[in-house]
Number of protein chains: 2
Amino acid sequence: MELSAPPRSPRTGARASEVRRHNLSALLGCVHLDGSASRSQLGAATGLNRSTVADLIHELAGRGLVVEDGMSSTSGRGRPSPIVHVRASGAVALAVELGVESVAAATIGLGGQVLQQRVELPIVKPSPRETARLVAELAALLGLAPADRGVVGVGVAVPGLTRRADGFVHLAPNLGWKNVDLGRLLAEALGMPAERVHVGNEADLGALGEHRRGAGRGCENLVFVSGEVGIGAGLIIGGRPMLGAAGYAGEAGHMLVNPDGRRCTCGASGCWETEAGEAALLRAAGVRGMRGVTAVNAVVDRVAAGDASAVAAVAEIGHWLGMGVGNLINLLNPEVVVLGGIFQPLFPFLRDPMLRAVRARSLDEVSDLVTVVPSALGTSAQLHGAAEMALAVLLADPSLR
Amino acid sequence: MELSAPPRSPRTGARASEVRRHNLSALLGCVHLDGSASRSQLGAATGLNRSTVADLIHELAGRGLVVEDGMSSTSGRGRPSPIVHVRASGAVALAVELGVESVAAATIGLGGQVLQQRVELPIVKPSPRETARLVAELAALLGLAPADRGVVGVGVAVPGLTRRADGFVHLAPNLGWKNVDLGRLLAEALGMPAERVHVGNEADLGALGEHRRGAGRGCENLVFVSGEVGIGAGLIIGGRPMLGAAGYAGEAGHMLVNPDGRRCTCGASGCWETEAGEAALLRAAGVRGMRGVTAVNAVVDRVAAGDASAVAAVAEIGHWLGMGVGNLINLLNPEVVVLGGIFQPLFPFLRDPMLRAVRARSLDEVSDLVTVVPSALGTSAQLHGAAEMALAVLLADPSLR
């Protein structure tokens with residue numbers, strides 16, 4: 001068992017005084033990610049001894065982050081061991097997803113527990129300021145008081161290039177945004193300090209959500225493909241989100257898959273999203289005058305009813321989807337590829353042509369080792385990821401509470 | 001400044017008893033990667049205090065890994081501080097690169113110092129057993145005695161899918177190998193314990209070499225593109241090598257760039273390596289009856305002399321190279337893309353068409369932030385990476401010595 005975490009940089013020293021903080025974080029991380037566990041299970045999972053675990057759990061309980069109850073004697077040997085649970089309301093995040101047609105939000109606490117279910121407000125390409133106002137409205141609808149001790153902050157999933165450090169949105173083409181200081185606008189609208197407002201790319205947060213709570217639990221290497229108006233990829237590499245130098249990694253939608261393909265909004269042609277995205281699906285299926293969830297659901301209904309032109313359209317999308325997925329598999333050698341957004345309801349119907357294209361594109365040695373699955377969280381993947389992002393600061397240092 | 005390294009897994013605890021080992025590693029890592037430094041500079045770099053640094057350096061010196069000399073008073077303030085240097089011969093790796101036409105080797109010590117210069121033996125597609133014998137011959141030519149206290153092990157770069165854990169080569173198409181237990185064969189031929197034999201993919205090790213010693217020093221996110229008979233990519237993400245779930249990441253050579261392209265050895269068509277690899281270059285330039293370094297150099301000479309057909313051939317390769325590089329930039333948002341192998345001597349001539357294709361393919365927001373440069377280490381990139389791989393165990397735990 002790996003006892004001590006390897007350093008991120010080989011040059012950074014650690015001080016004995018930081019070990020306690022690290023260990024508090026490790027224990028809270030265990031129950032947050034893996035669920036309730038006895039003290040002795042936590043000792044085994046972290047490599048910490050019995051008295052250290054007891055002492056640290058006592059501190060976490062005092063900070064209102066965990067509770068203990070009952071007694072377990074799992075192995076039948078030794079003293080019974082109290083069970084440690086996260087206190088979901090001990091740390092709560094407002095999780096928000098900005099879409100092209102709506103803003104959705106939920107409150108999610110420690111352990112990924114949804115405290116107030118998803119609420120969605122319809123919008124059409126709102127301005128950044130309107131968006132901030134809507135998010136504050138959603139917070140009020142969900143009964144969230146930003147000043148409450150339990151509220152750690154807000155996490156917002158944006159379909160665009162975002163900078164984590166300060167919530168700056170460099171570009172969100174499908175919202176029509178460029179260089180928007182969303183972090184600041186949200187902090188003002190919510191009456192919350194800027195450092196508690198976290199903004200991330202929706203595909204990156206979808207990947208995080210599926211990794212922590214969905215189809216990618218327990219996987220160290222995961223690719224999440226988010227099919228919306230555009231296509232984005234979120235990457236978990238070695239158990240960590242992979243964001244790139246500036247946070248812009250995963251722009252897989254503009255990966256070339258077809259030099260003879262259609263013109264893309266990015267200026268190039270034959271991008272993955274022009275061939276396998278929502279617009280391509282609706283065009284191939286002959287759907288006009290509708291878009292978004294309604295339109296995609298209409299195609300799903302026609303395919304399920306055996307409509308030949310819809311079946312052919314979905315097969316074509318599946319083929320191009322597989323070409324891109326095959327590229328990602330060759331390049332990243334993931335354990336799991338999770339297909340989210342529009343690809344989740346379409347999955348049963350596009351699975352076969354998609355897998356044929358994956359097999360044709362990727363090396364057998366690599367594709368034999370990967371599973372391609374639909375999103376387990378559906379429309380909640382990004383919300384769970386946004387909550388994890390907002391909870392991360394406290395999870396890294398529970399003594400902040 | 002980041003004082004304590006964030007945990008790789010949020011669930012792993014650290015014990016106070018491991019802090020010393022971690023700090024020894026951090027200090028040795030500093031001088032190994034960044035060169036000689038005064039004790040006070042090392043204290044500043046690691047966040048460790050003066051007496052801890054002195055104590056740890058004393059231990060590293062006692063283990064023969066560093067030496068101290070001179071006195072520096074860099075800032076003019078405070079007491080002068082001794083300068084700490086790595087002892088290159090304190091830990092030496094045999095670094096080996098298996099090519100399709102030759103096996104090359106050098107001995108490289110701490111600090112990346114080349115102790116015995118590169119020696120190369122020509123071969124044509126040797127069997128695994130012949131290869132192991134040749135590596136032992138190279139070790140003898142370089143005067144390396146595997147039993148010497150200073151010799152930490154051997155690192156071998158292989159053009160194929162390799163498993164780091166035990167040096168198993170799953171597939172090396174251009175060598176004609178499949179399922180080869182190269183680690184074991186090398187350990188036998190060298191008379192060395194298997195745990196001191198390290199085998200990695202050549203592009204992964206090229207990336208590591210350029211990251212530690214070449215064009216990617218100081219970059220946290222780097223893509224190394226290795227142009228040989230095939231094309232491979234090596235990825236450094238967040239300062240760490242990104243190997244994928246099974247160690248097979250970076251198979252960028254089989255990324256689709258041209259659905260109308262030529263048939264690839266992998267069974268698919270229009271792969272990056274069929275359009276931008278060595279064979280495509282030689283075909284486009286009308287070179288027959290030659291291959292490898294000699295043939296590529298002949299093309300370089302013709303381009304340098306202004307031969308129109310060679311100029312056009314290199315421009316075509318540059319175009320397809322740029323299409324793939326653009327994909328990688330969109331997907332991974334690196335700070336630097338380093339072009340190695342045949343692309344290094346060709347770089348001045350393919351730069352413009354390559355950059356045009358990159359700009360056409362990648363989002364401005366992402367491509368504005370990246371630099372595409374030729375390899376700084378040339379044919380030594382893989383050897384430096386192989387040495388770093390072999391030295392890693394000792395660097396992670398200097399108390400092993």
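In what follows, every heavy atom counts, from backbone to side chain, and hydrogens, waters and symmetry copies are set aside. Only a predicted model underlies this, so the values are computations on that prediction, with no experimental measurement involved.
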Pairs of heavy atoms under 4.5 Å with chain A: top-ranked of [options]:
options	result
B:Asn221, B:Leu328, B:Leu24	B:Asn221
B:Leu363, B:Leu56, B:Leu369, B:Leu161	B:Leu363
B:Gly326, B:Ala233, B:Ala268, B:Gly232	B:Ala268

Using a 3.5 Å distance criterion without hydrogens, assess whether the side chain of [X] forms a donor-acceptor pair with backbone atoms of [Y].
X	Y	result
A:Arg361	B:Ser269	yes
B:Asp204	B:Gly234	no
A:Trp320	A:Glu273	no
B:Ser226	B:Ile231	no
A:Glu220	B:Ala245	no
A:His211	A:Cys219	yes

Heavy-atom distance under 4.5 Å to chain A: side chain of [X], backbone, both or neither?
X	value
B:Asp260	side chain
B:Cys271	both
B:Ser362	neither
B:Asn333	both
B:Met255	both
B:Leu235	side chain
B:Ala252	both

- Message: For the interface with chain B, which of A:His32, A:Glu335, A:His254 has the highest count of heavy-atom pairs at distances below 4.5 Å?
- Response: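 Looking at each of A:His32, A:Glu335, A:His254 in turn, A:His254 comes out on top.
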
- Message: For the interface with chain B, which of A:Leu331, A:Val370, A:Asp364 has the highest count of heavy-atom pairs at distances below 4.5 Å?
- Response: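 Option with the greatest count: A:Leu331.
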
Checking heavy atoms, do the side chain of [X], its backbone, both or neither come under 4.5 Å from chain B?
X	answer
A:Ala246	both
A:His170	side chain
A:Leu256	both
A:Thr52	neither
A:Ile237	side chain

Working to the nearest 0.5 angstrom, can you tell me the gap between [X] [atom1] and [Y] [atom2]?
X	Y	atom1	atom2	answer
B:Leu33	B:Arg213	CG	CZ	5.5 Å
A:Asn201	A:Leu243	CG	CG	8.5 Å
A:Arg217	A:Leu222	CZ	CG	13.0 Å

- Query: If we only count heavy atoms from C-beta on, is the B:Val393 to B:Asp397 side-chain gap below 4.5 Å?
  - Reply: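 Answer no - side chains too far apart.
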
- Sort out for me which residue in B:Val84, B:Val31, B:Leu28 forms a side-chain contact (heavy atoms from CB on, under 4.5 Å) with B:Leu60.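 Per the side-chain contact (heavy atoms from CB on, under 4.5 Å) rule, the option paired with B:Leu60 is B:Leu28, out of B:Val84, B:Val31, B:Leu28.
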
